[in-house]
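Just so you know, these numbers come straight off a predicted model, no measurement behind them. Reminder, nothing fancy here: chain letters follow the sequence lines and each chain counts from 1.
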Protein chains: 4
Amino acid sequence: MGVSERRQREKRARRTSIMDAAKRIFSAKGFNAATMEEIAQAAELSPATLYLYFKNKNDLYASLNLRMLEFLVKQLKELAGREDLGPREKVRGFSDALYGVYQEDPLILFNVFHLQSTQTLKELAARTTAKINQLSGQALGLIAQVFREGMEAGQFRQVHPMAMADVVWGCFSGLVLWEDNKKLFDPKKQFLKPTLDLAMETLVRGLAVE
Amino acid sequence: MGVSERRQREKRARRTSIMDAAKRIFSAKGFNAATMEEIAQAAELSPATLYLYFKNKNDLYASLNLRMLEFLVKQLKELAGREDLGPREKVRGFSDALYGVYQEDPLILFNVFHLQSTQTLKELAARTTAKINQLSGQALGLIAQVFREGMEAGQFRQVHPMAMADVVWGCFSGLVLWEDNKKLFDPKKQFLKPTLDLAMETLVRGLAVE
Amino acid sequence: MGVSERRQREKRARRTSIMDAAKRIFSAKGFNAATMEEIAQAAELSPATLYLYFKNKNDLYASLNLRMLEFLVKQLKELAGREDLGPREKVRGFSDALYGVYQEDPLILFNVFHLQSTQTLKELAARTTAKINQLSGQALGLIAQVFREGMEAGQFRQVHPMAMADVVWGCFSGLVLWEDNKKLFDPKKQFLKPTLDLAMETLVRGLAVE
Amino acid sequence: MGVSERRQREKRARRTSIMDAAKRIFSAKGFNAATMEEIAQAAELSPATLYLYFKNKNDLYASLNLRMLEFLVKQLKELAGREDLGPREKVRGFSDALYGVYQEDPLILFNVFHLQSTQTLKELAARTTAKINQLSGQALGLIAQVFREGMEAGQFRQVHPMAMADVVWGCFSGLVLWEDNKKLFDPKKQFLKPTLDLAMETLVRGLAVE
DNA sequence: GATGAATGAGTTTTCATTCAT
DNA sequence: TATGAATGAAAACTCATTCAT
């Protein structure tokens with residue numbers, strides 16, 4: 001292994017460790033309240049160093065979201081690709097897959113919305129924006145595909161598969177936010193997983209051909 | 001009508017006009033980007049005056065959410081109270097009621113999440129926090145009640161009614177955010193209402209007793 | 001005198017006092033080394049207050065230059081308008097007029113060059129840039145006019161009057177900078193006025209028709 | 001040629017290449033806006049390496065000015081030494097000599113003034129400051145000498161030769177700055193050379209003994 | 001000798017909020 | 001009651017410079 005190779009690896013490791021620190025801070029405080037100073041402290045670096053790895057706060061934040069999207073797509077791909085499951089089981093499986101994403105990065109969804117600001121978007125590298133769009137499109141597409149299969153297999157009613165994907169995704173993200181909200185008042189309560197199960201189960205039944 | 005009574009009325013009118021201005025600015029820019037200065041300008045007042053009517057920025061913001069919650073509860077009450085509709089129709093009716101809230105204040109939900117910050121909550125008048133909780137609990141309760149009715153009438157499967165309310169609310173708020181997100185890239189696309197319809201319809205079917 | 005009138009006057013006075021403080025600091029340290037913090041201290045205000053009166057550091061700086069240009073134009077107008085002086089005396093008079101500008105604001109010329117940065121220019125209000133150009137054009141025009149008069153009166157050789165104005169202005173600004181430079185090593189030395197006198201005298205003679 | 005000799009040569013070559021890169025960057029952006037990072041990139045080196053050859057940014061900058069002064073002195077020496085030219089022709093010749101300096105390094109004069117800051121001077125090696133003073137004194141002296149010759153030859157009026165040198169130098173540097181300023185608004189306009197010619201011609205005539 | 005990586009020390013600017021009038 | 005004016009407190013970001021390798 002050459003020197004430059006090791007350098008590369010170290011650099012990536014540092015990048016990752018910054019992202020991990022940022023995840024903690026952003027999750028705990030939200031995008032605006034989190035300061036680069038805090039993130040730097042959490043990463044045991046100086047604030048200036050953060051800027052060696054990320055163009056600015058927005059960029060750091062976007063990278064986090066990218067990572068989450070990549071994980072989401074990976075989970076969905078695995079689920080969609082399983083040959084031992086029928087469409088119904090796969091829809092029920094969304095619950096596990098999505099919940100897995102939530103566990104990996106519990107509060108990041110909560111801040112996704114920061115990215116929606118047009119101003120924020122403009123400050124990101126075009127490549128980053130494009131990648132975010134591509135990945136989220138891919139995730140939605142994978143979900144829709146499961147519904148399409150179910151219809152083709154005659155198990156689901158004919159509905160617009162992409163609309164069902166929207167329902168699933170909307171339901172998930174809404175429940176995550178809702179969970180967070182509830183936690184503020186009762187930190188122990190964990191209703192997300194069972195509620196998600198219920199939602200998916202109801203969707204499966206609701207799509208069933210009589 | 002006494003002098004003090006008129007004063008009261010004028011005061012409330014001014015309060016309302018500030019809130020209207022604030023709604024416009026917050027909706028357009030989001031909580032953090034909106035400045036008190038801007039809001040004051042929109043209300044044709046000086047920034048200092050705003051503080052005569054609201055404790056601080058958070059309080060002004062919370063008041064807006066309160067107003068939206070009141071509107072939501074009103075809509076749901078009306079729906080729940082209608083005797084010409086059965087549980088199934090009422091669940092389908094959630095779509096209209098919730099969409100009405102969205103139309104009244106399209107972006108306010110988008111910022112609701114700001115309120116979740118513990119720090120923010122601490123800065124609110126305790127009465128405000130309490131009222132927000134009471135109203136959102138009431139709204140959820142009204143939704144749950146419809147499901148309960150349906151079960152009692154033997155039309156719906158036995159599930160936890162409150163969990164179904166969570167599903168409905170999560171689905172709604174998630175789709176609103178999702179809609180906003182999509183609008184950034186294609187401002188004309190409006191998929192919220194039909195998707196909401198589809199979601200409610202699927203829930204109704206999914207709860208049906210075979 | 002109404003309240004608003006007094007307010008206006010106070011506001012202008014404060015603006016002026018900030019500019020005076022800024023002049024001191026900029027002159028002593030140059031544009032880049034001078035900090036808004038220092039200027040604020042010199043003006044006995046908080047840095048934030050400066051931004052109530054000037055858009056940003058560049059704007060404050062440009063305002064200073066504007067003021068100097070206005071003074072310069074005033075001096076030149078007075079000189080050019082005197083009917084008791086012939087062209088030769090007026091050219092000699094440039095020395096006094098220009099030296100007066102220097103005394104009014106000894107080091108400001110030194111920093112004029114900061115304004116040349118295209119980036120700086122872009123951050124100024126278009127109106128400011130326009131006014132700067134207008135005034136400096138006017139000053140040059142007034143100088144050129146004196147030479148033109150001399151030629152028309154048959155006292156000066158035929159040369160391009162605007163070019164002579166450039167010579168006068170270039171000579172003045174160059175000598176100011178040169179003076180500052182020398183002062184660094186020998187603060188007492190004051191050669192500007194006599195040198196300027198010599199320069200103007202030589203120009204007058206150099207233009208004389210044999 | 002020994003090894004150490006070659007080392008010396010290589011070292012000097014690298015120093016020169018850094019200075020060339022620095023000249024490009026400083027000229028394009030001015031002292032403050034230019035970053036060591038940029039200069040290093042232009043020199044295809046790492047920023048750290050720059051510090052092996054120059055004490056700091058100021059020192060690098062001063063070295064550039066030194067180089068320019070050396071060039072200026074060389075030009076003036078050549079001019080002053082020509083036996084085929086009389087004092088009048090030599091004064092006219094200043095125009096070419098000075099313009100040559102300008103062409104060699106069009107914007108360096110523009111930034112010379114940075115060096116005047118006392119703070120900057122303190123950060124320079126004492127040797128550098130001394131050399132700058134020595135060279136600029138020498139340049140002025142060479143100019144003055146030409147005037148002195150003219151007076152001794154009975155061609156020029158009796159004036160203080162050093163003062164005339166100041167006039168020439170002031171006129172030159174002032175016009176260079178003025179040219180740069182004009183270029184901002186009309187990049188094609190080039191008035192420096194003819195104006196310099198006019199200035200020198202007028203000085204020659206102005207000094208003529210009747 | 002050369003450098004990749006890291007950082008300390010600033011600086012401008014923004015805004016919610018206050019207070020004398 | 002209303003407000004013009006003022007400001008304290010931050011926070012993002014920059015860059016010359018250093019140092020272990």
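Within the nucleic acid shown, D/K11 has no heavy atom closer than 4.0 Å to any nucleic acid atom. Within the 4.0 angstrom heavy-atom criterion, only backbone atoms of the sugar-phosphate kind lie near A/A34; the bases stay farther away.
You'll find the side chain of A/M19 stays beyond 4.5 Å of the side chain of A/Y53, heavy atoms only. In this structure, the side chains of A/Y51 and A/M36 come closer than 4.5 Å at one or more pairs of heavy atoms.
For D/T35, whose side chain is taken as the heavy atoms from C-beta onward, the closest listed nucleotide among F/dA16, E/dT3, E/dC15 is F/dA16. Among the nucleotides F/dA6, E/dA5, E/dT13, the one closest to any side-chain atom of C/R14 is F/dA6. Proximity note for D/L52 (side chain, C-beta onward) versus E/dG4, E/dA2, F/dT17: the nearest is E/dA2. Of the candidate nucleotides E/dT7, E/dT17, F/dA16, E/dT17 has the atom nearest to the side chain of B/Y51. Checking F/dA6, E/dG8, F/dT3 against every side-chain atom of C/T49, the shortest atom distance belongs to F/dA6. For C/L45, counting side-chain heavy atoms from C-beta on, the closest listed nucleotide (E/dA16, F/dT17, F/dT7) is F/dT7.
Taking atom OH of residue B/Y61 and atom C1' of nucleotide E/dA16, one finds them 17 Å apart after rounding to whole Å. Across the protein-nucleic acid pair, D/I25 atom CD1 and F/dA16 atom P stand 12 Å apart, rounded to whole Å. Rounded to an integer number of Å, the gap from CG of A/D59 to C1' of F/dT14 is 17 Å. Nucleotide F/dT18 holds its P atom 16 Å from the CD atom of D/E37, rounded to whole Å. The interatomic distance linking C/N56 (CG) with E/dT11 (P) rounds to 17 Å, in whole Å. Atom pair A/K29:NZ and F/dA10:C1' shows a separation of 13 Å (rounding to whole Å applied). Whole-Å rounding puts the A/R7 CZ to F/dA20 P distance at 15 Å. Atoms CD (C/Q8) and P (F/dA5) sit 8 Å apart, rounded to a whole Å.
When the nearest nucleotides of DNA chain F are assigned to C/A48 and B/S46 by heavy-atom distance, the more 5′-ward of the two goes with B/S46. Heavy-atom nearest nucleotides on DNA chain E were determined for D/E44 and for B/M36, and the one closer to the 5' end corresponds to D/E44.
A/R67 has a carboxylate O that lies under 4.0 Å from a charged side-chain N of A/D20, or vice versa, which qualifies the two as a salt bridge.
Atoms OG and NZ, from D/S63 and D/K131 in turn, are 10.0 Å apart once rounded to the nearest 0.5 Å.
Within the structure, every side-chain polar atom (N or O) of D/K57 is placed at least 4.0 Å from both OP1 and OP2 of F/dC15. Distances shorter than 4.0 Å separate some side-chain N or O of D/Y53 from OP1 or OP2 on E/dA2.
The backbone N or O of B/L45 lies less than 3.5 Å from no partner atom in the side chain of B/T49, so there is not a single donor-acceptor pair.
Base pairing annotation: F/dA6 forms a Watson-Crick or G-U wobble pair with E/dT17, both donor-acceptor distances under 3.5 Å.
Both cation-pi conditions hold for C/K57 and C/F31: the charged atom is under 6.0 angstrom from the six-membered ring centre and inside a 45 degree cone around its axis.
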